[in-house]
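Comments concern the structure below.
Just so we're clear, the structure is a prediction, and the values are computed from it rather than from any experiment.
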Amino acid sequence: DLQNERACSYIAVLDSKSQRLKQLTEDLVEVSRISSGNITLNIERINLVELVHQTEGEFAEKFEARSLQIVSNLPKESVVILADGRRIWRVLENIYNNVAKYAMERTRVYVDMQADGTEVLFSIKNISENPLNIQADELTERFIRGDVSRSTEGSGLGLSIAKNLTMMMGGTFQIYLDGD
């Protein structure tokens, strides 16, 4: 309940930086666990359509702040996969966070899911705000960021974590470029 605007401003900066440090610490611990194989997966039946809808809800505010419009093409019926619920959430969170940070403002984000009974293909497409200065597959390497001029708080770990967790659960993870 501070009345001093300057003090409130400093507190806001401290809060922001401490949240960033917390996220970076969590990312480094996750990378360390993945690298050492020190992760126990709790495989269960997950409705991926429902989880994607929940993820979109979680990121609605971030997407609105950048005027990103989600165009979803998801099955009407449930699509059940076998995965670790906490880890598959982390994969989706990292992907959506990447879009929220690096997609060009005032553009559409295409979310698509196709299921054929044995496989599920989930894709998300966006236009990058800045041209990438590396190959698409390099984006999943640790500490790699697509554009050195980016001023966001990314650590370069998000897509690496997403890829490795996906692979640990028996899936595949690919990034490709079609223009930006």
For the side chain of T55 and the backbone of L51, is there at least one donor-acceptor N/O pair under 3.5 Å apart? yes
Please round to the nearest 0.5 Å and tell me the distance separating atom [atom1] of [X] and atom [atom2] of [Y].
X: I88; Y: L48; atom1: CD1; atom2: CG; value: 6.5 Å
X: L21; Y: S16; atom1: CG; atom2: OG; value: 11.0 Å
X: M169; Y: L41; atom1: CE; atom2: CG; value: 7.0 Å
X: L165; Y: M167; atom1: CG; atom2: CE; value: 11.0 Å

May I have the step-by-step check of side-chain contact (heavy atoms from CB on, under 4.5 Å) for I161 and R90, ending in yes or no? CA-CA 8 Å; I161 291 170; R90 183 72 190 267; 3.8 Å; yes
Check V120 against A115 and note the closest heavy-atom contact, atom names and distance. CG2-CB, 4.1 Å
Identify the heavy atoms of A103 and L68 that sit nearest to each other, and give their distance. CB-CD2, 3.9 Å
With side chains defined as the heavy atoms from C-beta onward, is the minimum distance between [X] and [Y] less than 4.5 Å?
X: N126; Y: Y102; value: no
X: V52; Y: M113; value: yes
X: I95; Y: F173; value: yes
X: N98; Y: L159; value: yes
X: E50; Y: H53; value: no
X: F122; Y: V79; value: no
X: E44; Y: I46; value: yes

If the condition is side-chain contact (heavy atoms from CB on, under 4.5 Å), which residues does [X] pass it with, not counting sequence neighbours?
X: S123; value: D112, K125
X: A7; value: L2, N4
X: E105; value: R66, E129

Sort and list the pairs that fulfil salt bridge (charged side-chain N to carboxylate O under 4.0 Å, His left out) and have at least one residue in residues 72-85, not counting sequence neighbours. D84-R87
What pairs with F59 under ring pair (Phe, Tyr, Trp, His ring centres under 6.0 Å), at least two apart in sequence or on another chain? Y96
My understanding is that only residues two or more places apart in sequence, or in another chain, count here; which of them pass side-chain hydrogen bond (donor to acceptor under 3.5 Å, both in side chains) with [X]?
X: S78; value: N47
X: R6; value: Y10
X: D116; value: T118
X: K62; value: N97

My understanding is that a hydrophobic cluster links ILVMFWY residues whose side chain heavy atoms are under 4.5 Å apart, including indirect links. Using that, what else belongs to the cluster containing [X]?
X: M104; value: I127
X: L14; value: none
X: Y110; value: V71

Distance-only polar pair, side chains of S72 and E56, donor-acceptor under 3.5 Å: yes
